[in-house]
Colleague: 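Okay, handing you the structure first.
We name chains A, B, ... by the order of the sequence lines, and we start the count at 1 in each one. If you're wondering where the values come from, they're calculated on a predicted model, not measured in any experiment.
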Number of protein chains: 2
Amino acid sequence: MVDNAFNFSGGPSGQWKVIKMETLIGEPLQDVSHINVSPASVSVSQEEIWTLKGVVSNLRYTEKQEKDSLQAIQENLGRSHAICAALIPMRKSEAWWGLAQDERRAIFEKQSQHTQTGLKYLPAIARKLYHCRDIGGPFDFLTWFEFAPSHANAFEELVTRLRSTEEWSYVDREIDIRMIRA
Amino acid sequence: MVDNAFNFSGGPSGQWKVIKMETLIGEPLQDVSHINVSPASVSVSQEEIWTLKGVVSNLRYTEKQEKDSLQAIQENLGRSHAICAALIPMRKSEAWWGLAQDERRAIFEKQSQHTQTGLKYLPAIARKLYHCRDIGGPFDFLTWFEFAPSHANAFEELVTRLRSTEEWSYVDREIDIRMIRA
């Protein structure tokens, strides 16, 4: 078991209370009232209804200059005022994964400005990306966001902008789960 | 279990007879006389001494033009005359994985000409890359090669060239296992 693997479990109780679960595209996930996040080395409670596993990995598209800009202003998860969270499990199509690296990068940043858009919402919106395509889960990515209630509108704007991009035309499954700290 | 996951097992019998196992850097793997390759969905025989799991994944550095050049001339595994094989499990350092995408790409191709060098040995040397960094194994990659005995010298030249590159200064564990079809 790798140290950088985490379980995101949905069940009847837990750290985060679900306030909305919305399926944007593809098969839904069963509704749950709470989400728990824990290292994958810790066994998941039998109460849980579903568990998604994700791994923190190396950067896939981010270039040095972008990495430096992000690191200069982004904040970590776990800020006490950031009581709102979102978990967005997502899968991209085989057409996306069949593209070469430069083709995916061009869609990701040149056409869709994924990093530049995300940067505009820092440090208000903290974000962490977990990979799951290579570990055989039903999604390719799990993204976790945390923000204060005063930035809820900004978060809405961020996801709306990203979903309108060329990159998102390759998304074939996406669930948006909103929570508040329990 | 994902369909694109494979087990590479070392044990007392199997499809490929080991003729040499060499540790180039880092901790060795226990010596074995045979290697078996099987889909990860099939359970591994209890006889096996070690098993390494790898996943076929998307391209990480290869650009469109390179992908087209590779696809135009590369051959598949399993050619009847290709009775020689090599399995090279490898790990790269944290310094490598901490680099941004453009920094890794520059070392991989601009400085080390990884793809251009590999292209020179096609179609003689068939090659398949399996990823294991994100699935928690002891290596980051497993590369499998197949070639005819008449191309054994060419294969030696290929690995010698690659090992002399800037990219290889980031390799901190590498085992070279040579086999013939049993």
Colleague: Say you draw a straight line from CG of B:Asn58 to CH2 of A:Trp96; how long is it, rounded to the nearest 0.5 Å?
Modeller: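 Atom-to-atom, B:Asn58:CG and A:Trp96:CH2 are 9.5 Å apart.
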
Colleague: Check B:Gln101 against A:Arg60 and note the closest heavy-atom contact, atom names and distance.
Modeller: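 Heavy-atom minimum between the residues: OE1-O, 3.0 Å.
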
Colleague: Do B:Tyr61 and B:Ile107 share a hydrophobic cluster (ILVMFWY, side-chain heavy atoms under 4.5 Å, transitive)?
Modeller: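 Yes, same cluster.
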
Colleague: Shared ILVMFWY cluster between B:Trp16 and B:Phe6, side chains joined below 4.5 angstrom?
Modeller: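 Yes; B:Phe6 is reachable from B:Trp16 via cluster members.
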
Colleague: Grouping I, L, V, M, F, W and Y whenever their side-chain heavy atoms are under 4.5 Å apart, do A:Leu52 and A:Val37 come out in a common cluster?
Modeller: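 A:Leu52 and A:Val37: one cluster.
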
Colleague: Checking B:Arg133 against A:Asp134 for the side chain to side chain contact (heavy atoms under 4.5 Å, CB included) test, could you report, in this order, the C-alpha distance in whole Å, the side-chain angles of both residues, the deciding distance, and whether it holds?
Modeller: CA-CA 9 Å; B:Arg133 178 170 156 81; A:Asp134 287 347; over 6 Å; no

Colleague: In residues 154-180 of chain A, which residues are in contact with chain B at a heavy-atom separation under 4.5 Å?
Modeller: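 No residue falls under the 4.5 Å cut-off.
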
Colleague: Check each atom of A:Arg104 against the heavy atoms of chain B and say whether the ones under 4.5 Å are side chain, backbone, both or neither.
Modeller: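 Only the side chain of A:Arg104 comes within 4.5 Å of chain B.
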
Colleague: Cluster question for you: counting only ILVMFWY and a side-chain heavy-atom cut-off of under 4.5 Å, with indirect links fine, are B:Phe139 and B:Met21 together?
Modeller: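 Same cluster.
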
Colleague: Can you name the residues of residues 62-86 of chain A that have some heavy atom under 4.5 Å away from a heavy atom in chain B?
Modeller: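 A:Thr62, A:Glu63, A:Lys64, A:Lys67, listed by number.
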
Colleague: In this structure, would B:Met90 and B:Val55 fall into the same cluster of hydrophobic residues linked by side-chain contacts under 4.5 Å?
Modeller: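 They do not share one cluster, since no chain of ILVMFWY contacts under 4.5 Å joins B:Met90 to B:Val55.
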
